[in-house]
Number of protein chains: 2
Amino acid sequence: MGLTKTEIFTEEQNQMAALLKAMAHPARIAILQRILKSNTCICGDLVDELGLAQATISQHLKELKNAGIIQGTIEGVSVCYCIEPKTWKLLQNQLGNFFASYKGEQNCC
Amino acid sequence: MGLTKTEIFTEEQNQMAALLKAMAHPARIAILQRILKSNTCICGDLVDELGLAQATISQHLKELKNAGIIQGTIEGVSVCYCIEPKTWKLLQNQLGNFFASYKGEQNCC
DNA sequence: AATTTATATCGCAATATTACGATAGATAAA
DNA sequence: TTTATCTATCGTAATATTGCGATATAAATT
């Protein structure tokens, strides 16, 4: 096995899980924080800032890009990464609703 | 390899990644949704509702419990799971701040 | 054209995850 | 006490992830 049974879940559940999974790594959190911090986009400064090899960073960026969380634009020699607004807001809403649907402490546990 | 280099990241980055990772599976999203939906706690109804084997569900519940997202209380023969309010609110805040720190579309990508 | 610079991809090794059958443990019911 | 019920754990197979060196690609500079 080792293969998630996506077919038994809803589209929404699979999508949310995929987006969370793309974010669920400290390096990718750090990359996103770095993009968010600088108002402008981020190129390969990441390799110097995080303590990971260039190949590894490139792989993490690819995962964030594949998930649709960031987008990259070629800017001469380097590539310019920034947040993909559409996905960002979608996930923000989904998570917002999800967490807000918790109605406080119950009386059973 | 295959081992995340947690030592080069901040405590906050590692914690957030760990919590997101615990949620980043459609079955675990479904479990959480089920707990959230019913105002009371949830025992083993999950095995009938989701299309996964009992051992698999138990494993997913364990992961959510280890991450501190849910808690389980033994209730006779069955076990009663519900949200762990502290972790829930922590993650809610962390994610809220994280997503809110995006300052809209920039001019470079 | 040759060189430098920035990023992507390949291939690999180590480790982690997912799923499940089989089985164990623990409480309730008969 | 025996049986039924519910959940946890073990063991295992299939697959995925993480990290990196080596190498490829592609644009800019000399």
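Throughout, a chain's letter reflects where its sequence line sits, starting with A, and its residues are numbered from 1.
Rounding to whole angstrom units, CD of residue A:Glu7 and P of C:dT18 are separated by 15 Å. As rounded to whole Å, 14 Å separates atom C1' of D:dG19 from atom CG of A:Leu61. Taking atom CD1 of residue B:Ile29 and atom P of nucleotide C:dT18, one finds them 12 Å apart after rounding to whole Å. Straight-line distance from the CG atom of A:Asn66 to the C1' atom of D:dA16: 15 Å, rounded to whole Å. When the P atom of C:dA19 is taken as reference, atom CG of B:Leu46 falls 14 Å away, rounded to whole Å. Computed from coordinates, the B:Leu64 CG to D:dA8 C1' distance equals 16 Å when rounded to whole Å. In this structure, CD of A:Gln71 is placed 16 Å from P of C:dT7, rounded to the nearest angstrom. Rounded to a whole Å, the CG atom of A:Asp45 is 16 Å from the P atom of C:dT5.
Within the nucleic acid shown, B:Ile57 has no heavy atom closer than 4.0 Å to any nucleic acid atom.
One finds no side-chain N or O of A:Lys62 lying less than 4.0 angstrom from the OP1 or OP2 phosphate oxygen of C:dT7. Between A:Ser58 and C:dA8 there is a side-chain N or O to OP1 or OP2 distance below 4.0 Å. Residue A:Tyr81 places none of its side-chain N or O atoms closer than 4.0 Å to OP1 or OP2 of C:dA6.
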For A:Glu84 and A:Thr87, run side chain to side chain donor-acceptor pair (under 3.5 Å): C-alpha distance rounded to whole Å, both residues' side-chain angles, the deciding distance at 0.1 Å, then the answer.
CA-CA 6 Å; A:Glu84 214 286 284; A:Thr87 311; 3.0 Å; yes

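Listed nucleotides: D:dA16, D:dG19, D:dT9. Nearest to the side chain of A:His60: D:dG19. Of the candidate nucleotides D:dA8, D:dC20, C:dT18, D:dC20 has the atom nearest to the side chain of A:Leu52.
Other residues, nucleotides and ligands contribute more than 12 heavy atoms inside 6.0 Å of the CD atom of A:Glu7. The neighbour count for A:Ile74 CD1, taken as heavy atoms of other residues, nucleotides or ligands under 6.0 Å away, does not exceed 12.
Heavy-atom distances to DNA chain C give each of A:Thr56 and A:Lys21 a nearest nucleotide, and the one nearer the 5′ end belongs to A:Thr56.
Within the 3.5 Å criterion, the main-chain N or O of A:Phe99 finds a donor-acceptor partner in the side chain of B:Trp88.
Side chain B:Gln59 to base C:dA19: a donor-acceptor pair is found below 3.5 Å.
Between A:Leu46 atom CG and A:Leu52 atom CG the span is 10.0 Å, to the nearest 0.5 Å.
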Where protein sits on nucleotides 22-30 of chain C, one letter per nucleotide: B base, S sugar-phosphate only, - none, heavy atoms under 4.0 Å
B----BS--

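Residue pairs meeting the side-chain hydrogen bond (donor to acceptor under 3.5 Å, both in side chains) criterion with at least one partner in residues 14-24 of chain A, sequence neighbours excluded, are A:Gln15-A:Gln94.
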Determine all donor-acceptor pairs shorter than 3.5 Å in which one atom belongs to a side chain in residues 53-65 of chain B; sequence neighbours excluded.
{"from": "B:His60", "atom 1": "ND1", "to": "B:Arg28", "atom 2": "NH1", "distance (Å)": "2.9"}
{"from": "B:Glu63", "atom 1": "OE2", "to": "B:Arg28", "atom 2": "NH1", "distance (Å)": "3.3"}

